[in-house]
Trainee: 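Here it is: the structure, laid out below.
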Amino acid sequence: MSFPTPTRPVRTRFAPSPTGSLHIGGLRTALFNWMFARHYGGKFLLRIEDTDQTRFDPNALQTLIEAMRWAGLTWDEGPEVGGEYGPYVQSERLALYQEWANWLVAQDKAYPAYETPDELKRMRDEQTARKLPPGYNRQHRTLSAEERARFESEGRKPVIRLKVPLEGKTHCEDEVQGKVSFDNVDLQDTVLLKADGFPTYHLAHVVDDYFMKISHVMRAVEWLPSLPIHWLLWEAFGWDKPIYMHLPVMLNPNGQGKMSKRKPPVDSKGNIIPVMMHDYMKNGFLPEAVVNFLANTGWSFGDDIEIFDIADAVKRFDGSRIIAASAAFPVDKLHWLNGEHVRRLAPDDLAGRLRAPLEAAGLHVDETVLRQVAPLVQTRIKTLNEVVGMAGFFFKAEFSPAPVEAIIQKKMDAAGTAAALRRSHEVLSGVDDFTTQVLHDAIQPLTTELGLNNSQLFGLLRVAVTGQTISTPTFETMEVIGKAETLQRIELAISLLDAAGVNG
RNA sequence: GCUCCAUUCGUCCAGAGGCCCAGGACGUAGCCCUCUCAAGGCUAAGACACGGGUUCGAAUCCCGUAUGGAGCACCA
């Protein structure tokens with residue numbers, strides 16, 4: 001399916017409401033808009049939809065900006081960067097919405113309604129009790145001038161509602177979903193301007209998209225049911241519509257319901273899957289992996305290629321091949337992709353990214369050691385944070401030995417293990433060039449002498465030296481920690497084994 | 001309940017009437033490699049929801065059914 005070539009300058013926007021950190025689904029919406037604008041050499045804007053005073057969160061904007069920047073989604077117009085169509089925060093544009101709401105009333109396309117929220121709730125309760133579809137009964141649509149005056153004199157503040165046609169159909173176009181039609185009878189006289197003078201989303205986004213010259217609106221499919229209202233609004237204003245593209249939702253990994261932070265999804269092992277971007281950021285995911293992953297659900301790169309650079313994706317992201325069906329969140333693939341991107345990093349780059357999780361775990365990170373360790377963990381971690389468990393011991397101020405049972409390998413006992421460590425100690429003491437290959441060649445011959453296999457000998461040395469049963473490779477590790485420390489740890493292990501032998 | 005949308009392996013994606021007894025990836029299983037854990041290599045199991053059309057021919061077009069999802073606020 002080919003996508004219609006844009007006939008005007010491409011301008012897309014991401015328009016979140018600042019109510020907390022960014023939802024991962026929100027980032028996907030932002031990413032699609034961003035890629036689309038970049039593909040066509042257009043502009044990508046960030047607009048803040050803060051028209052709900054009851055949900056105001058002063059920190060949310062900063063949090064949101066952090067997540068966007070982390071993911072590399074730079075905007076050409078919006079908060080902190082400005083632009084010629086600002087302000088880009090809706091609460092700073094109230095006069096505009098009021099002006100156009102009043103214009104609609106003057107044109108008889110909208111009308112004031114004076115019910116209180118309580119009255120409306122009662123109306124709905126009654127309707128549901130009588131098994132009728134809930135909705136506004138339009139009783140103020142035809143108010144006379146004196147009825148209005150009476151309500152006003154009671155001190156009631158009206159909302160402004162759209163005057164939806166009572167019959168006929170509204171046919172809408174969507175570049176992802178195709179043609180969608182709605183019977184006007186099923187539509188509501190939706191509120192455009194609230195009693196507090198703030199616009200609802202419906203009014204605000206149409207006005208803003210018009211004045212900000214938005215060419216393509218990509219948003220979550222949650223909005224599809226209100227598309228006819230928006231369509232009618234554009235027509236009431238007599239403005240040219242942008243092209244709408246409704247993106248599928250990301251469902252829980254089990255496919256049941258959309259991802260929500262209030263009901264956190266769990267993976268097959270019962271672990272909670274984060275929904276908010278800040279959790280991904282602090283859990284050791286790479287931005288390039290997250291962005292790759294997000295571009296890969298709801299859209300695909302093509303040519304059976306799954307691992308790609310976002311710049312290459314931009315070249316292909318022309319608006320076609322966006323999936324219309326909602327999809328379960330493929331978490332396992334995210335982990336795999338993160339591992340793939342970790343492996344693609346230059347070792348020093350990886351080292352730099354490993355510092356934060358290590359320090360967050362309370363470790364003191366030496367730069368030289370870090371650079372030596374990075375290549376050793378590169379194929380062994382999927383998320384950055386896993387470095388702590390795998391190689392945290394390199395940075396511990398004090399060595400904590402493993403329990404003796406862990407040092408003793410399969411089919412061995414304490415005495416035999418201690419003997420093997422003594423011989424190894426002897427041999428290692430004579431090695432001056434403490435490097436991986438030399439160490440390996442010095443120790444390897446001991447297997448025949450001691451009647452052990454590589455797994456047993458190298459294994460007991462590993463546990464003695466690292467204090468862990470799962471670790472970076474034995475000889476590489478010895479090289480990094482150095483001769484003195486290696487010998488000292490072996491001595492410690494021997495004494496622990498001896499003590500255990502005496503007591504046991 | 002009503003409205004709208006969707007429906008290819010467990011999951012994410014290929015597939016725009018013959019190239020498909022359906023391809024890739026994740027995951028799963030087995031083997032190889034191997035000092036642990038990984039990584040890597042090889043192999044395997046695994047899907048066109050169902051029923052009607054249209055057509056010489058349908059995963060692909062149309063209509064129903066079923067299932068899933070989204071929405072039905074002075075929230076976005």
Side-chain angles (χ1 to χ4, degrees), chain A residues 1-2 15-17 19 49-52 54-55 113 115-117 120-121 124 128 131-136 157-161 174 177-178 180-183 186-188 190-196 198-202 204-205 219-228 246 248-249 251 253-258 268 293 296-307 321 323-337 339 343 377-382 386 390 409 440 443-444 447 453-463 466 468-475:
Chain A
M1 225 189 293
S2 66
S17 58
T19 53
E49 311 221 325
D50 58 341
T51 55
D52 185 358
T54 63
R55 295 207 295 174
E115 294 87 354
T116 62
L120 291 171
K121 185 172 183 308
R124 276 196 299 272
T128 36
K131 298 232 162 95
L132 294 167
Y136 178 57
K157 289 263 185 287
V159 299
I160 293 188
R161 288 180 181 273
D174 180 288
Q177 311 283 339
V180 194
S181 336
F182 300 81
D183 280 318
D186 296 324
L187 269 26
Q188 296 284 313
T190 313
V191 172
L192 302 177
L193 197 71
K194 306 178 220 178
D196 63 5
F198 277 66
T200 59
Y201 170 81
H202 307 100
H205 101 272
R219 49 146 56 164
V221 78
E222 277 98 315
W223 292 110
L224 195 58
S226 47
L227 219 210
H246 287 88
V249 278
L251 306 177
N254 62 9
Q256 313 261 249
K258 62 176 174 178
S268 50
F293 167 76
N296 219 17
T297 116
W299 182 75
S300 71
F301 191 82
D303 295 338
D304 287 341
I305 293 170
E306 309 251 354
I307 304 166
R321 296 190 4 261
I323 313 278
S326 47
F329 188 79
V331 238
D332 290 340
K333 245 179 167 170
L334 207 211
H335 283 87
W336 164 74
L337 260 178
R343 270 167 254 144
V377 299
Q378 193 152 21
T379 59
R380 287 171 237 271
I381 57 173
K382 282 196 162 66
E386 290 167 28
M390 177 67 64
Q409 300 296 297
H440 175 271
I443 291 293
Q444 218 285 321
T447 53
N453 58 35
N454 285 357
S455 181
Q456 290 170 310
L457 216 215
F458 298 178
L460 85 235
L461 283 169
R462 164 200 323 290
V463 182
T466 68
Q468 327 188 144
T469 52
I470 296 175
S471 77
T472 47
T474 303
F475 301 111

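Please read all numbers here as calculations on a predicted model, not as lab measurements. So that the names make sense, note that chain A is the first sequence line, chain B the second, and so on, each numbered from 1.
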Trainee: Minimum heavy-atom separation for A:R462 and A:T469, please, with both atom names.
Mentor: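 Taking A:R462 first and A:T469 second, the nearest heavy atoms are CD-O, 3.3 Å.
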Trainee: Taking any heavy-atom pair under 4.0 Å as a contact, classify A:F182: base, sugar-phosphate, or nothing.
Mentor: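 Sugar-phosphate contact only - A:F182 comes under 4.0 Å of backbone atoms but never of a base.
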Trainee: Looking across every strand, which nucleic acid part, if any, lies under 4.0 Å from A:G298 by heavy atom: base, sugar-phosphate, or nothing?
Mentor: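 If one applies the 4.0 Å heavy-atom cut-off, A:G298 turns out to touch the sugar-phosphate alone, with no base involved.
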Trainee: Pick base, sugar-phosphate or nothing for A:T379, based on heavy-atom distances below 4.0 Å to the nucleic acid.
Mentor: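 Contact class for A:T379: base.
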Trainee: Ignoring hydrogens, what is the shortest heavy-atom contact between A:L120 and A:Y136? Give both atom names and the distance.
Mentor: CD2-CD1, 3.7 Å
Trainee: Out of B:C5, B:A76, B:G15, which has the shortest distance to the side chain of A:R321?
Mentor: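 Taking heavy atoms from C-beta onward, the closest nucleotide is B:G15.
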Trainee: Using a cut-off of 4.0 Å on non-hydrogen atoms, how would the nucleic acid contact of A:S17 be classed: base, sugar-phosphate, or nothing?
Mentor: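 Contact class for A:S17: sugar-phosphate only.
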Trainee: Identify whether any heavy atom of A:K121 sits under 4.0 Å from a base atom; if not, whether one sits that close to sugar-phosphate; answer base, sugar-phosphate or nothing.
Mentor: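 Here A:K121 touches no strand at all.
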Trainee: Are any of the side-chain heavy atoms of A:R321 and A:W299 separated by less than 4.5 Å?
Mentor: yes
Trainee: Please state whether the rings of A:Y201 and A:W223 are parallel, tilted or perpendicular, taking 30° and 60° as the class boundaries.
Mentor: parallel
Trainee: Within the modelled atom types, does a donor on one side and an acceptor on the other bring the side chain of A:T474 and the base of B:C35 under 3.5 Å apart?
Mentor: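 Counting by modelled atom types and ignoring angles, a donor-acceptor contact under 3.5 Å is found here.
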Trainee: Counting only side-chain heavy atoms from C-beta out, which of B:U36, B:C2, B:C37 sits nearest to A:D186?
Mentor: B:C2
Trainee: Using whole Å, what does the distance between atom P of nucleotide B:G24 and atom CG of A:D303 come to?
Mentor: 14 Å
Trainee: When you measure from the side chain of A:A195, which nucleotide among B:C12, B:C74, B:G68 comes out closest?
Mentor: B:C74
Trainee: When all nucleic acid strands are considered with a 4.0 Å heavy-atom cut-off, which category describes A:G257: base, sugar-phosphate, or nothing?
Mentor: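 Answer is sugar-phosphate: A:G257 comes under 4.0 Å of backbone atoms only.
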Trainee: Which of these nucleotides, B:G24, B:A76, B:G69, is closest to any side-chain atom of A:D304?
Mentor: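 Closest of the options to the side chain of A:D304: B:G24.
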Trainee: When both hydrogen-bonding distances must be under 3.5 Å and the geometry is Watson-Crick or G-U wobble, what is B:C12 paired with, if anything?
Mentor: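 Here B:C12 is engaged in a pair, and the nucleotide opposite it is B:G24.
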Trainee: NA contact type, A:P158, heavy-atom cut-off 4.0 Å: base, sugar-phosphate, or nothing?
Mentor: nothing
Trainee: Calculate the interatomic distance between A:H246 atom NE2 and B:C5 atom P; express it in whole Å.
Mentor: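 Going from A:H246 (NE2) to B:C5 (P), I get 12 Å.
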Trainee: Using a 4.0 Å heavy-atom cut-off across all strands, classify A:S471 as base, sugar-phosphate, or nothing.
Mentor: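 Contact class for A:S471: base.
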Trainee: Take the protein atom CD of A:Q177 and the nucleotide atom C1' of B:G69, then report the distance between them rounded to whole Å.
Mentor: 11 Å
Trainee: Nearest to the side chain of A:P330, heavy atoms from C-beta on, is which of B:A38, B:C12, B:C75?
Mentor: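 The nucleotide sitting nearest to the side chain is B:C12.
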Trainee: Please determine, for the side chain of A:K333, which listed nucleotide (B:A70, B:C75, B:G24) has the closest atom?
Mentor: B:G24
Trainee: Under a 4.0 Å N-O cut-off, is there an ion pair linking A:R380 with A:E386?
Mentor: no
Trainee: Considering only side-chain heavy atoms of A:T297, which listed nucleotide, B:C12, B:C37, B:A70, is closest?
Mentor: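 Out of B:C12, B:C37, B:A70, the nucleotide with an atom closest to A:T297's side chain is B:C12.
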Trainee: Taking the minimum atom-to-atom distance to the side chain of A:E306, which one of B:A76, B:A25, B:A73 wins?
Mentor: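 Of the candidates, B:A25 comes closest.
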Trainee: Atom CD of A:Q188 and atom P of B:A73: how far apart are they, to the nearest Å?
Mentor: 7 Å
Trainee: NA contact type, A:S181, heavy-atom cut-off 4.0 Å: base, sugar-phosphate, or nothing?
Mentor: sugar-phosphate
Trainee: Identify whether any heavy atom of A:T51 sits under 4.0 Å from a base atom; if not, whether one sits that close to sugar-phosphate; answer base, sugar-phosphate or nothing.
Mentor: sugar-phosphate
Trainee: Base, sugar-phosphate, or nothing for A:S455, non-hydrogen atoms under 4.0 angstrom?
Mentor: sugar-phosphate
Trainee: Enter the distance from A:K194:NZ to A:D52:CG here, rounded to the nearest 0.5 Å.
Mentor: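 Spacing of NZ (A:K194) from CG (A:D52) equals 4.5 Å.
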Trainee: Between A:I307 (CD1) and B:C13 (C1'), how many Å, whole number?
Mentor: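 It works out to 14 Å between those atoms.
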Trainee: Just call it for A:I323: base, sugar-phosphate, or nothing, with non-hydrogen atoms closer than 4.0 Å on any strand.
Mentor: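 Sugar-phosphate only.
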Trainee: Rounded to whole angstrom units, what separation is found between the CG atom of A:L224 and the P atom of B:C5?
Mentor: 7 Å
Trainee: Please report the interatomic distance CZ(A:F329) to OG1(A:T297), rounded to the nearest 0.5 Å.
Mentor: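 With rounding to 0.5 Å, CZ (A:F329) is 8.0 Å from OG1 (A:T297).
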Trainee: Counting side-chain heavy atoms from C-beta on, which of B:C12, B:A70, B:C75 comes nearest to A:R55?
Mentor: B:C75
Trainee: State which of B:G40, B:C12, B:C74 makes the closest approach to the side chain of A:R343.
Mentor: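 Between B:G40, B:C12, B:C74, the one nearest the side chain of A:R343 would be B:G40.
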Trainee: Using purine N1 to pyrimidine N3 plus N6-O4 or O6-N4 for Watson-Crick, or N1-O2 and O6-N3 for G-U wobble, each under 3.5 Å, what pairs with B:C31?
Mentor: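 Here B:C31 is engaged in a pair, and the nucleotide opposite it is B:G41.
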Trainee: Please report, rounded to the nearest Å, how far the P atom of B:C13 is from the CG atom of A:D332.
Mentor: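 Atom CG in A:D332 sits about 15 Å away from atom P in B:C13.
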Trainee: Between A:H335 (NE2) and B:G27 (P), how many Å, whole number?
Mentor: 11 Å
Trainee: Mind checking A:V191 for me? I need base, sugar-phosphate or nothing, with any heavy atom below 4.0 Å counting as a touch.
Mentor: sugar-phosphate
Trainee: Working to the nearest 0.5 Å, report the span between OG1 of A:T447 and CD of A:Q456.
Mentor: 10.0 Å
Trainee: Under 3.5 Å, which N/O atoms of the protein pair with N/O atoms of nucleotides 46-51 of chain B?
Mentor:
none

